[in-house]
Amino acid sequence: MEENSLIQAANRIASTQGLVAFTGAGISEESGIPTFRGNGGLWDRYPPERFANMAGLLGEFFLRPKRVATFLQEILRSCLDAQPNPAHVALAQWEAQGILRAVLTQNIDTLHERAGCSKIIKLHGSIDCLRCTDCGFKQDLDATQMQRWVQVLSPDGIGRRQLWRALRKILSPCPYCGGRRRPDVVFFGDLLPPDAWAEAQQAASLCQILLVIGTSGLVRPAADLPLLAKKAGTILIEINPKPTPLTPLADLYLEGKASEVMKELVERVDSIRR
Ligand code: NAD
Ligand code: ZN
């Protein structure tokens, strides 16, 4: 990581009350949650055309039920087992200090709230929530309920009929209208939740600094947020171990893993503000 860029980033962050963070799967990689892209990423094992959209998943359900159970169980278990890392904690600390206004996240893993952040705009939903497709009622689930899901989805010897039963247990009918429910997460081809998307666009275009952490910048429309910010004259700072399509737009690129760079930044911001 270039020392000069780090100093400049710390100076800018220390003197703002208008920081907004835009986070992707990379911020949670050091918490043990696999990213989609990259070596060992989820997509190496579960191709997105078959696993990241409803139609594909349905096809897999008929052809390879055991694989579907393994996929769902892996995602659930990795989110349940993960703990916030220093990058999530640093953002929560900056929120408490009045530096950070909001986190716009593409992640569904709940690690920002578990780190103590309260102003979170979730662009792709949340793993711990079910939504009724008829009346829109949303229900948050606790860790115990989700642990039960992990058990119900045990892929050992699971066939189509057992998987169907497991899914019916997990996706029980809506308590209000009896309608069908689904996880409140955005699959490929789904629209973003309109309120969250409107709030995120506003936050990105009104902030002074947009700190982009651990996103490939390839998933649209979320990836348009840094472009929107740039157009509005916002300073873009990017943290990522590898350059992305957003890097040429960034005013400062801090090469490295999220937790390592954020630890350095927090120390420097603290010493400037002292
Ligand atoms: P992505 O998987 O497409 O890309 C991950 C990015 O993170 C890459 O640019 C990579 O270089 C970077 N990265 C890897 N390790 C890092 C580290 N330690 N620190 C900082 N950066 C690191 O992720 P995306 O751009 O967020 O898009 C994937 C989509 O999948 C998102 O929409 C998200 O909803 C979803 N997703 C979420 C989770 C989660 O909730 N944790 C995990 C996987 C995928
Ligand atoms: Zn309902």
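Remember, it's a predicted structure, so these values are computed and weren't measured experimentally. Atoms within a ligand are numbered from 1 in the order they appear, just like the ligands themselves. When a residue number appears, it is its place in the shown sequence, counting from 1.
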Stepwise salt bridge (Lys or Arg N to Asp or Glu O under 4.0 Å) check, Arg148 with Asp142: CA-CA 10 Å; Arg148 217 172 292 136; Asp142 59 27; over 6 Å; no
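- A heavy-atom distance below 4.5 Å is found between the side chains of Phe187 and Leu57.
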With the criterion set at N/O pairs under 3.5 Å, what does the list of contacts between the protein and ligand 1 look like, atom names and distances included?
unit_1, atom_1, unit_2, atom_2, d
ligand 1, 2 (O), Phe36, N, 2.8
ligand 1, 2 (O), Arg37, N, 3.0
ligand 1, 3 (O), Arg37, NH1, 2.4
ligand 1, 3 (O), Ser216, OG, 2.8
ligand 1, 7 (O), Gly214, O, 3.2
ligand 1, 9 (O), Asn240, ND2, 3.0
ligand 1, 11 (O), Asn240, OD1, 2.7
ligand 1, 18 (N), Glu29, OE1, 2.8
ligand 1, 18 (N), Glu30, OE1, 3.1
ligand 1, 19 (N), Gly26, O, 3.3
ligand 1, 19 (N), Ala258, N, 2.9
ligand 1, 25 (O), Thr215, OG1, 2.7
ligand 1, 25 (O), Ser216, N, 2.8
ligand 1, 25 (O), Ser216, OG, 3.0
ligand 1, 26 (O), Ala25, N, 2.8
ligand 1, 32 (O), His124, ND1, 2.7
ligand 1, 34 (O), Gln106, O, 2.3
ligand 1, 34 (O), His124, ND1, 2.9
ligand 1, 40 (O), Ile108, N, 2.8
ligand 1, 40 (O), Asp109, N, 3.4
ligand 1, 40 (O), Asp109, OD2, 3.4
ligand 1, 41 (N), Asp109, OD2, 2.7

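- Contact annotation: the side chain of Leu91 approaches that of Met262 to within less than 4.5 Å [non-hydrogen atoms, C-beta and beyond].
- Distances under 2.8 Å from the Zn ion (ligand 2) pick out the protein N/O/S atoms Cys132 SG, Cys135 SG, Cys174 SG, Cys177 SG.
- We find that Glu113 and Lys119 are not joined by a salt bridge, their nearest charged nitrogen and carboxylate oxygen being 4.0 Å or further apart.
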Identify each donor-acceptor pair in which a side-chain atom of residues 128-135 lies under 3.5 Å from a protein atom, sequence neighbours left out, and give them as a table.
unit_1, atom_1, unit_2, atom_2, d
Asp128, OD1, Ser126, OG, 2.8
Arg131, NE, Asp184, OD1, 2.8
Thr133, OG1, Arg180, O, 3.0

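- Taking the six-membered ring for Trp, Trp43 and Phe71 have ring centres at least 6.0 Å apart.
- Residues Ile99 and Ile213 are members of one and the same hydrophobic cluster, defined by side-chain heavy-atom contacts under 4.5 angstrom among Ile, Leu, Val, Met, Phe, Trp and Tyr.
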Side chain to side chain donor-acceptor pair (under 3.5 Å) evaluation trace for Ser28 with His88: CA-CA 8 Å; Ser28 299; His88 300 102; 3.2 Å; yes
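- Counting Ile, Leu, Val, Met, Phe, Trp and Tyr side chains that sit under 4.5 Å apart, directly or through other members, Leu104 shares a hydrophobic cluster with Val20, Phe22, Ile121, Leu123, Val186, Leu192, Trp197, Leu210, Val212, Leu225, Leu227, Leu228, Leu236, Leu246, Leu249.
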